Amino acid sequence: SSLVDEYRRHGKDSYSGIPVFGSGTWRPLTFATYRIQLRWHGTAPVPFHIVNVGLHAINALIVEILARTLGADPHTAILAAVIYCGLPLATSAVANISGRACVLSSTFGLIAVTFACQGWIALALAAMAAAFLSKEDMAILPATIGALLLFRGDPFWWIFPAAVLPAIPWKWSAIRKQWSTTRGSDMAQYGFAKAFPRPVHWITASAEYLCRFPLWAVGLYQNIDPDIQPADWKSLRFFGALAVAAALGILLAATPYQLVQSALILIVISPIVIYVVLPLPDPVMENRAYFACAGVAILLATILIQAPTWLAAGAVAWLWAIAAYRASRWSDRILLWLSALWGGSSKPRVLINIAQAYADRNESSTARLYLDELLRLHPHHPAALNNLSILHDKAGEFKAAEQCLLECTKYHPEFWPAAHRLGFGYFRANDFAKALPYFEIVAAMSPKENNRYNLAATYWMLGRKPEAQAIFKT
């Protein structure tokens, strides 16, 4: 997996759990689980998958308890847990090691919702904090819990939204940094938000969210990432999605059934909304909808429990079969991303991932074909140039690798991995004067310990020992 590859490149310090909000990563509890496993069994991927599946099973048990708490009878609650276990929408988060953040944050999030509905406010607040420390998009959880309690007539519904108010000034600068960071190169590559000013982003990202709402709410589509199936907010599909969303809103307001109301709140007010409020790339990735699986399972169970036994059993078996099929698709990266390409998507991430999958199989010539195609469609694409330079480097074509990196740093100076590789290449060639400006860029944009060490080593080799010693002291 990419996590294992990252660990091999940078070591255990990459998963120290230190909050790095500007990079979109603030998940100390999730990274702690990776760190524990890496120290326990190394980089073997199977135990990582086992933990993900185990967390999903725990979440199914929590869903059963939550359904009972929300008013479901025992049979409906058990059916909700069974549906949850095999819900196709959950496949992406559970099958991918990097989906751990979504699964773990949902564990704490569902515990928080359950405690809140049972009146254990202090325990609910603690679980809510743990959910946020597992994945930053759980910042929506206070609104989810507040809405649930409000519809249940709980007079203390306001406690959970109010609990996050003191954190807003504390995190405001980090949020502003997130705005500026994601409006850079990432926003030029993903979603509807590219080239749009901020107010228009909210409209277009909301359209992206609504256009896919029927897909992820049902959870039967192969993948709803905008890189896989680009949405057109001017299409009939978008207006149909608006109709579905309006119908659900009316149902939420009009239904007398509290269990149905609660399930709809868990679907609609979920972490995926964060990607509409903040200008993040990939605004509707399927992993983000994992928390909503609880609402989908409870809603489906409420409907199927009224059906004949044979029909309910057949529906559940059908869902499980689709989930198994999707898991098999996720196991073959090349097949997964080629299916996206065959589906008509020419987004950069699709071609990047196909090329990377072939490169991992040591099929460099095929990987180059896809990177060349990406550069034809998107000239000067930073990740494509960086990855192409890696292939040239492995083939001993150092001049070609250098030209790719120089082009990347020229057109995308914010893409520091290219500057890092360029500086390291010059350092290995003992051309320290050329390496220095690139290491200075890297250290300024990503002040990790190893990046600052490279800068200090370059200063030292150039005879600028006071500057090197100043960095070594820190």
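If you read the sequence from its start, that first residue is 1, and numbering goes on from there. Not measured: the values here are computed from a predicted model.
With hydrogens and angles ignored, the 3.5 Å screen pairs no side-chain donor or acceptor of Asn52 with any backbone N or O of Gly99. Of the possible donor and acceptor atoms, one in the side chain of Thr144 sits under 3.5 Å from a partner among the backbone N and O of Ile269. Between the side chain of Thr302 and the backbone N or O of Val260, no donor-acceptor pair lies under 3.5 Å. The main-chain N or O of Gln258 is found under 3.5 Å from a side-chain atom of Ser262 such that the two form a donor-acceptor pair. Side-chain atoms of His75 do not come within 3.5 Å of backbone N or O of Ile305 as any donor-acceptor pair. Using modelled atom types, one side-chain atom of Gln37 and one backbone atom of Pro47 make a donor-acceptor pair closer than 3.5 Å. Under a 3.5 Å cut-off, the side chain of Asp154 and the backbone N or O of Leu150 do not form any donor-acceptor pair. At distances below 3.5 Å, at least one donor-acceptor pair connects side-chain atoms of His56 with backbone N or O atoms of Tyr84. Checked by atom type and distance alone, the side chain of His49 pairs as donor or acceptor with a backbone atom of Ala95 at under 3.5 Å. Checking side-chain atoms of Asp73 against main-chain N and O of Thr76 turns up a donor-acceptor pair under 3.5 Å.
Looking at heavy atoms from C-beta onward, Leu266 lies in side-chain contact with Phe291 at the 4.5 angstrom threshold. With a 4.5 Å cut-off on side-chain heavy atoms, Trp320 and Cys85 count as touching. A heavy-atom distance below 4.5 Å is not found between the side chains of Leu374 and Tyr370. Side-chain atoms of Thr30 and Ser105, non-hydrogen and from C-beta on, never get closer than 4.5 Å to each other. In this structure the side chain of Val316 never reaches within 4.5 angstrom of the side chain of Leu300, judged on heavy atoms.
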Take Arg100 and Val51, measure what side chain to side chain contact (heavy atoms under 4.5 Å, CB included) needs, and give me the verdict at the end. CA-CA 9 Å; Arg100 171 82 56 85; Val51 170; 3.6 Å; yes
Take Leu385 and His381, measure what side chain to side chain contact (heavy atoms under 4.5 Å, CB included) needs, and give me the verdict at the end. CA-CA 6 Å; Leu385 288 168; His381 189 279; 5.9 Å; no
Start with the C-alpha distance between Leu66 and Ile111, add both sets of side-chain angles, then the distance that settles side chain to side chain contact (heavy atoms under 4.5 Å, CB included), and finish with yes or no. CA-CA 8 Å; Leu66 175 60; Ile111 290 173; over 6 Å; no
Check the pair Thr69, Ile65 against side chain to side chain contact (heavy atoms under 4.5 Å, CB included), reporting the backbone distance first and the verdict last. CA-CA 6 Å; Thr69 303; Ile65 298 170; 4.2 Å; yes
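Among all heavy-atom pairs drawn from Leu375 and Ala384, the shortest one is CD2-CB, 3.8 Å. The shortest heavy-atom contact between Ser134 and Ala101 is O-CB, 3.8 Å. Looking at every heavy atom in both residues, Ala131 comes nearest to Leu141 through CB-CD2, 4.1 Å. The shortest non-hydrogen separation linking Tyr290 to Cys102 is CD2-O, 3.6 Å. Across every non-hydrogen atom of Ile298 and Ala263, the tightest pair is CG2-CB, 4.0 Å. Contact detail for Ala289 and Leu89: the closest heavy-atom pair is O-CD2, 3.9 Å.
Taking CG of Leu133 as the reference point, atom CE of Met138 lies at 12.0 Å (rounded to 0.5 Å). Once rounded to the nearest 0.5 Å, the distance linking OH of Tyr358 with OG of Ser365 reads 10.0 Å. Expressed to the nearest 0.5 Å, how far CG of Asp372 lies from CG of Leu351 amounts to 11.0 Å. Rounding to the nearest 0.5 angstrom, the gap separating the CZ atom in Arg376 from the NE2 atom in His378 is 9.5 Å. Summarising the geometry, atom CD1 belonging to Ile83 is positioned 12.0 Å from atom CD1 belonging to Ile78; distances are rounded to the nearest 0.5 Å. Here the CD1-CG distance, from Ile50 to Leu55, works out to 12.0 Å after rounding to the nearest 0.5 Å.
Screening residues 138-158 for ring-ring contact (aromatic ring centres under 6.0 Å, His included) gives no qualifying pairs among residues at least two apart or on separate chains. Sequence neighbours left out, not one pair with a member in residues 89-110 passes ring-ring contact (aromatic ring centres under 6.0 Å, His included).
Note: Phe48 and His41 have perpendicular aromatic rings, judged against thresholds of 30 and 60 degrees for the angle between ring planes.
Residues forming a side chain to side chain contact (heavy atoms under 4.5 Å, CB included) with Ala418 (at least two apart in sequence, or on another chain): Asn386, Leu405, Cys408, Thr409, Phe415.
Checking Thr107 against Asn59 by side-chain atom types alone, a donor-acceptor pair falls below 3.5 Å.
A salt bridge links Asp137 to Lys135: one of the charged nitrogens lies within less than 4.0 Å of a carboxylate oxygen.
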